[in-house]
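So the structure is just underneath, and the comments pick up after that.
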Amino acid sequence: MAHRSKKTGRRHPLASLGLLVLGLVAAGGVSTVVGQVASADASSQAPTQLTADDGEQLFQANCASCHGVNAEGTPEGPSLIGVGAASVDFQVMTGRMPLAFSGPQGMARTPQFSQEQSDAMGEYIAALAPGPDVPSEEVLDTADANVANGGEIFRINCAMCHNVAGAGGALTEGKFAPDLHDIDAAHIYEAMLTGPQNMPVFNDDNISPEEKADIIAYLHFLDENPSVGGFDLGSLGPVSEGLFIWIFGLGGIVAITVWLTAKPN
Amino acid sequence: MAEETKMQDVELHRDAALERSSEFENPGLPPHRKRQTDLHPEKAKRAERTVFTWFLVSALGSIVAVAAYIAVPITPGDLTTTRMNNLLLGLGIALALLSIGIGAVHWSKQLMSDEEHVDLRHPTRGSDATRAKAVEVFTLGDQESGFSRRSLIRNSLIGALAVVPLPAVVLFRDLAPADEVPTDVFAHTMWEAGTRLCLDPTGTPIRAEDVSYGSAFHVIPEDLEESEHPLDEKAKAAVLLMRLPADALNESPERAGWSYDGIVAYSKICTHVGCPVALYEQQTHHLLCPCHQSTFDVKNHCKVIFGPAKRPLPQLPITVDDEGYLIAQRDFTEPVGPSYFERLHDVDEDGHVQVAGTTTEQRA
């Protein structure tokens, strides 16, 4: 009896593990609550209308350490003078800025600011020097866009990096062209207009606003319509298709061969 | 006595002494084990039903394929209906074929006789009598046909056979243009002095002032569509136009006049095996070929900095006309695309400026 009682309660071998799990859950819960409180603070500071002055304050607090106090750029970040509100909206609202970590490429993630805050920063940046503005609703209207023409323009100008099916692809030294599925129309437009990171700029003389709308319509057509040829394996071409056929095709052949030569019992 | 025994144990075989005691004894066939289906008739009956079921499933698969083809049709004009139609059709046919195979294998494994037999392979060499007979037949054939005796007929037959492949040679030669030297086709493109640089695919001429920094324009010659074979011409004349900040561009003095205000134009055809090189990174100014990862440095006249390509991309010398549109100064000074034997003969001695530091150029 005495022996058994030793192994129960806080001397049980699993007690330390249980304590660890309890501690982790508690710490995680507290950090979630604190995080929620912090973000609630952020959104409560964001009334419906923010001005360029609010944008400047947000810029000073969140961006100036890399882009300089007057957005003139530092060795850590490029100058933002003349990049325009379109660039700010794309970088902030796809979560690429502020950078999650420094690496070959800024990665998309959940946006860290509300649309109003982003617009205020855009207003501030646009006031420094003229640059491309956020596209209007009319420009982004794809109701009478030509999907086939969008596909052609996409294949000529975009497909070499982003893949014909918009599945993305590798570039040099760890950089990559991202997947273009389920991207907001405004962000596609702004990316073409401003050329974020290593993407070239496609100004309105290169690809006209109508053609840009056609491209958006084409990309959204790809989102809404499944691959005609069946399971697309990520549309990555020979890499995923080769892996599939090597693993499942050859694996199946090996399994059948084993079955064929096994002795019946 | 003991020595004699030893000699008996050794056998001379093809000049090698083999010790008999080291030979393996032929173990023969393992004892035949009866299967469950041989021992229990009810199990044989069950296996029979299983095979029947597989064949039935196969027939069902065929019917499913036909039914699906009719029930889930491909609607003209709606590409997406192909997906379900093809999926069901493929699954039906796969089921029909696979089930026959699985049923047949199961039948042979469980029900057909599995007694082991030994079939000895007969020697490949024919018997002496057969060989002598064959020689006799050939000799007789030669005598009766007069193949050796009538040498005129024999030699003319050999001559006729030798000429037979000639039409094929002419046909294959004619795959390349017959009215000009084939390498001339590679040596020159549509670009000539004054040809406007136009947007692919619309053919809109490009103004120098419209090319903003960091841009990449996909360019074709202005009169491409009027040419006899637009696609053939595009395959050689395709150009990528980029604008770099003046401090990024590191031009050699001999080629300084080839760009206009930071705008440079390079052939889009990779010098490795001819893929379109157009993955331009506007911060690093690297041009990447998607096929084999050859990387060209736009800052330094598209010198190869990585990958299997051996030569820089050919540069198109450009300038602007009176109306501000970008035009070509002349054709490329060297053949575009991958190397070929006569390539160095086609490099224009007058206009060509070799990019400094590319010793590999001599390798053509």
Side-chain angles (χ1 to χ4, degrees), chain A residues 78 82-83 104-106 131-132 149 152-153 155-164 169-173 175-177 192-208 210-211 221 224-232 237-238 252 256-257 259-265, chain B residues 33 35-38 47 78-84 86-87 90 98 101-102 105-106 108-111 114 199-202 204 206-207 209-218 220 240-243 268 275-290 293 295 305-307:
Chain A
V83 300
Q105 185 156 328
N149 186 48
E152 187 179 6
I153 305 281
R155 283 190 292 277
I156 288 173
N157 290 284
C158 324
M160 73 290 290
C161 295
H162 287 289
N163 171 322
V164 195
L171 293 173
T172 64
E173 293 167 356
K175 299 184 284 292
F176 64 94
M192 289 187 272
L193 202 58
T194 62
Q197 303 192 26
N198 266 299
M199 175 169 163
V201 176
F202 295 93
N203 62 21
D204 288 350
D205 298 305
N206 191 352
I207 301 179
S208 70
E210 294 78 40
E211 289 170 336
F221 177 87
E224 288 151 18
N225 291 282
S227 153
V228 173
F231 194 31
D232 61 15
I256 288 175
T257 317
W259 175 57
L260 275 178
T261 52
K263 267 193 176 299
N265 50 9
Chain B
R33 273 172 56 212
R35 296 167 297 191
Q36 293 290 311
T37 44
D38 298 328
D78 185 4
L79 274 177
T80 51
T81 52
T82 325
R83 183 189 170 108
M84 195 43 80
N86 278 3
L87 179 70
L98 262 182
I102 294 173
V105 170
H106 196 65
S108 73
K109 287 179 64 148
Q110 298 294 342
L111 296 171
D114 72 336
L199 270 179
D200 185 17
T202 53
T204 320
I206 304 164
R207 285 172 169 284
E209 62 187 18
D210 292 342
V211 184
S212 42
Y213 288 114
S215 281
F217 282 60
H218 296 258
I220 50 176
L240 192 69
L241 188 77
M242 292 149 287
R243 184 171 203 175
K268 219 159 88 173
C275 289
V277 189
L279 284 73
Y280 174 57
E281 297 179 358
Q282 66 129 322
Q283 307 273 337
T284 58
H285 309 296
H286 290 170
L287 250 179
L288 175 68
C289 178
Q293 282 69 49
T295 310
I305 50 173
F306 182 80

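Protein chains get the first letters and strands the later ones, always in sequence-line order, with residue 1 at the start of each.
To the nearest 0.5 Å, atoms NE2 (H218(B)) and CD1 (I156(A)) are separated by 8.5 Å. For the atom pair S108(B) OG and L260(A) CG, the distance stands at 8.0 Å (nearest 0.5 Å). Interatomic distance, CG of N225(A) versus CG of D78(B), reported as 8.0 Å (0.5 Å rounding).
In terms of heavy-atom proximity, P200(A) sits nearest to S215(B) at CB-C, 4.3 Å.
In this structure, N203(A) contributes its side chain and D210(B) its backbone to a donor-acceptor pair below 3.5 Å.
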Worked verdict on L171(A) versus E281(B) for side chain to side chain contact (heavy atoms under 4.5 Å, CB included): CA-CA 8 Å; L171(A) 293 173; E281(B) 297 179 358; 3.2 Å; yes
CA sep, side-chain torsions, deciding dist, call: W259(A), V105(B), side chain to side chain contact (heavy atoms under 4.5 Å, CB included): CA-CA 9 Å; W259(A) 175 57; V105(B) 170; 3.4 Å; yes
Audit row: Q283(B), K175(A), side chain to side chain contact (heavy atoms under 4.5 Å, CB included) steps and yes/no: CA-CA 11 Å; Q283(B) 307 273 337; K175(A) 299 184 284 292; over 6 Å; no
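At a 4.5 Å heavy-atom cutoff, the contact between M199(A) and chain B is made by backbone atoms alone. For A177(A), no part lies near chain B; criterion is any non-hydrogen pair under 4.5 Å. Heavy-atom distances place no part of F306(B) under 4.5 Å from chain A, backbone and side chain included.
Ranked by heavy-atom pairs under 4.5 Å with chain A, the list V277(B), N86(B), T284(B), T204(B) is led by T284(B). Comparing I153(A), V228(A), I207(A) by heavy-atom pairs within less than 4.5 Å of chain B, the highest count is held by V228(A). Note on E173(A), E152(A), Q197(A): by heavy-atom pairs under 4.5 Å with chain B, the leading option is Q197(A). Residue with the most contacts toward chain A among A278(B), G90(B), P276(B), G214(B): G214(B) (heavy-atom pairs, distance under 4.5 Å). When each of T202(B), I102(B), I206(B) is scored by its heavy-atom pairs under 4.5 Å with chain A, the top score falls to I102(B). Among M84(B), R207(B), Q282(B), the residue making the largest number of heavy-atom pairs under 4.5 Å with chain A is Q282(B).
Taking the side chain as every heavy atom from C-beta outward, L199(B) and N206(A) approach each other to under 4.5 Å.
By the 6.0 Å contact criterion, CZ on F176(A) is enclosed, its count of non-hydrogen atoms from other residues, nucleotides or ligands being greater than 12.
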